[in-house]
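Read the structure below first, then the notes.
Reckoned from all heavy atoms, side chains included, excluding hydrogens, waters and symmetry mates. Quick caveat, the model's predicted, so the values are computed rather than measured. Order of appearance sets the numbers: ligands from 1, and atoms from 1 within every ligand.
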Amino acid sequence: MTNFKLGIEYAKDQDLHDPLAHYRKKFHIPKNSEGDEWLYFTGNSLGLQPKETKNHIKQELDDWANLGVEGHFEAKNPWMPYHEFLTETMAQIVGAKPIEVVIMNTLTTNLHLLMVSFYQPTKLKHKILIESDAFPSDRYAVETQLKFHGFDPSDSLIEWSPRKGETLLNIEDLESILESQGEEIALLLIGGVNYYTGQYLDLKKISQLGRRKGCKVGIDLAHGVGNIQPNLHESGVDFAAWCTYKYMNSGPGSLGGIFVHERYANDQTLKRFAGWWSQNKATRFDMRQPLDITPGAEGWQLSNPPILSMAAIKASLELFNEVGMNALIKKSRLLTGYLEYLILELNNKDISIITPTDPEQRGCQLSIQVKNANKSLHTKLTEAHVITDWRTPDVIRCAPVPFYNSFKDVFKMVEKLKNILNA
Ligand SMILES: *Cc1c(COP(=O)(O)O)cnc(C)c1O
């Protein structure tokens with residue numbers, strides 16, 4: 001345990017010795033009308049804009065203006081292979097091989113496309129298991145996949161829930177569900193880091209438990225990517241999908257990414273939906289060739305991608321590439337540990353933290369449960385320009401992001417929280 005200390009001097013000193021402190025200047029921090037920077041703790045929902053993003057997008061606008069269609073091959077960053085410029089760094093961030101990763105579409109769309117391949121129910125093995133507090137979009141996606149295949153979610157959708165009176169998931173409970181119903185379960189689709197509690201699950205263990213029972217295992221990494229190191233390849237999961245507008249700082253609604261384990265890289269028998277971007281690059285523009293799926297994750301692409309969104313992702317990935325996940329996670333653990341320490345020091349009975357205390361079981365987000373679901377605490381924080389988010393029924397999510405949040409941010413945030421609680 002780090003020896004955190006109370007008082008602003010400690011925060012200032014930590015910032016002074018923070019090797020990543022200068023990255024804050026590379027982001028636009030929103031300000032109030034007096035010009036004071038907000039205390040922004042919502043990078044888990046929409047990451048802040050890197051200052052470099054504008055230049056990256058402008059480059060593509062200029063190349064389009066000056067080159068028209070020739071930009072596909074002649075642009076500074078040719079649009080034809082543009083997605084390839086993103087793959088290597090993206091793969092490192094999620095602990096995958098480049099052949100296992102591609103940037104394409106948006107998250108929920110990708111979950112559906114991946115389920116086309118990895119949810120192949122039979123009469124006996126047709127159930128899907130999700131965590132009980134799955135993100136609504138994921139739940140709607142699996143419910144409609146079940147219905148699409150003629151199954152009734154009330155029979156075929158299985159929930160992994162926390163035990164009575166608890167808020168976090170216990171892997172032993174997953175184990176017993178798989179023991180009793182594993183033969184009927186076709187797919188596990190689990191949020192790697194839960195959006196509500198911030199709990200980071202043991203992906204390797206989930207993968208082993210599921211695959212041992214012949215289930216496919218998919219992970220939603222929306223709250224994991226750029227936050228924790230999921231080591232996807234090593235974990236052995238079959239597939240994963242994520243968005244890039246949360247911790248990946250690539251702009252509202254920006255494209256998502258997928259991972260498909262290398263074991264499927266050359267599997268042409270998997271069912272899938274295809275488009276011209278799934279086609280082998282050598283013959284993609286012959287147009288009259290029969291479908292010949294390109295190897296690896298790229299074979300799940302359908303369309304030529306929106307370059308302006310890709311440019312924003314490229315700008316962000318360059319920062320990630322420079323810093324690396326190890327350094328980010330190192331700072332993240334300190335920063336979140338510090339936030340946790342300061343909140344616990346408040347010793348206030350109206351709030352409690354439901355996120356795991358073990359740094360191995362969480363990323364940067366802390367979920368603060370508010371007594372009696374008193375939403376006014378969140379409203380008052382917002383009025384004080386402390387940007388967090390409220391999730392029903394009773395949680396304030398608060399994510400100090402190592403790229404741009406400082407120890408001073410955390411200190412000031414808890415001071416404001418204290419004042420509001422004591423008022
Ligand atoms: C943010 C988030 C989504 C959002 O899906 P989009 O398709 O990008 O709108 C879905 N699932 C989870 C778990 C999320 O955290």
At under 4.0 Å between heavy atoms, what of Leu107 touches ligand 1? The answer is both
Distance filter under 4.0 Å to [X] heavy atoms, resulting ligand 1 atoms:
X      : answer
Lys246 : 1 (C), 2 (C), 3 (C), 14 (C), 15 (O)
Tyr245 : 1 (C), 4 (C), 5 (O), 6 (P), 8 (O), 9 (O)
Asp220 : 11 (N), 12 (C), 13 (C)
Thr108 : 5 (O), 6 (P), 7 (O)
His223 : 15 (O)

Would you kindly say whether Glu322 and Tyr23 are connected by a side-chain donor-acceptor distance under 3.5 Å?
-> yes
Does Phe135 have its ring centroid less than 6.0 Å away from the ring centroid of Tyr196?
-> no
Verify whether the ring centers belonging to His149 and His126 lie closer than 6.0 Å.
-> no
Any cation-pi pair here, Arg272 with Trp300, using under 6.0 Å and within 45°?
-> yes
Nearest atoms (heavy-atom pairs only) where Asn405 meets Ala399 = OD1-O, 3.6 Å
Tyr247 versus Gln365: any side-chain heavy-atom pair under 4.5 Å?
-> yes
among protein heavy atoms, the one nearest atom 11 (N) of ligand 1 is Asp138 OD1, 2.6 Å
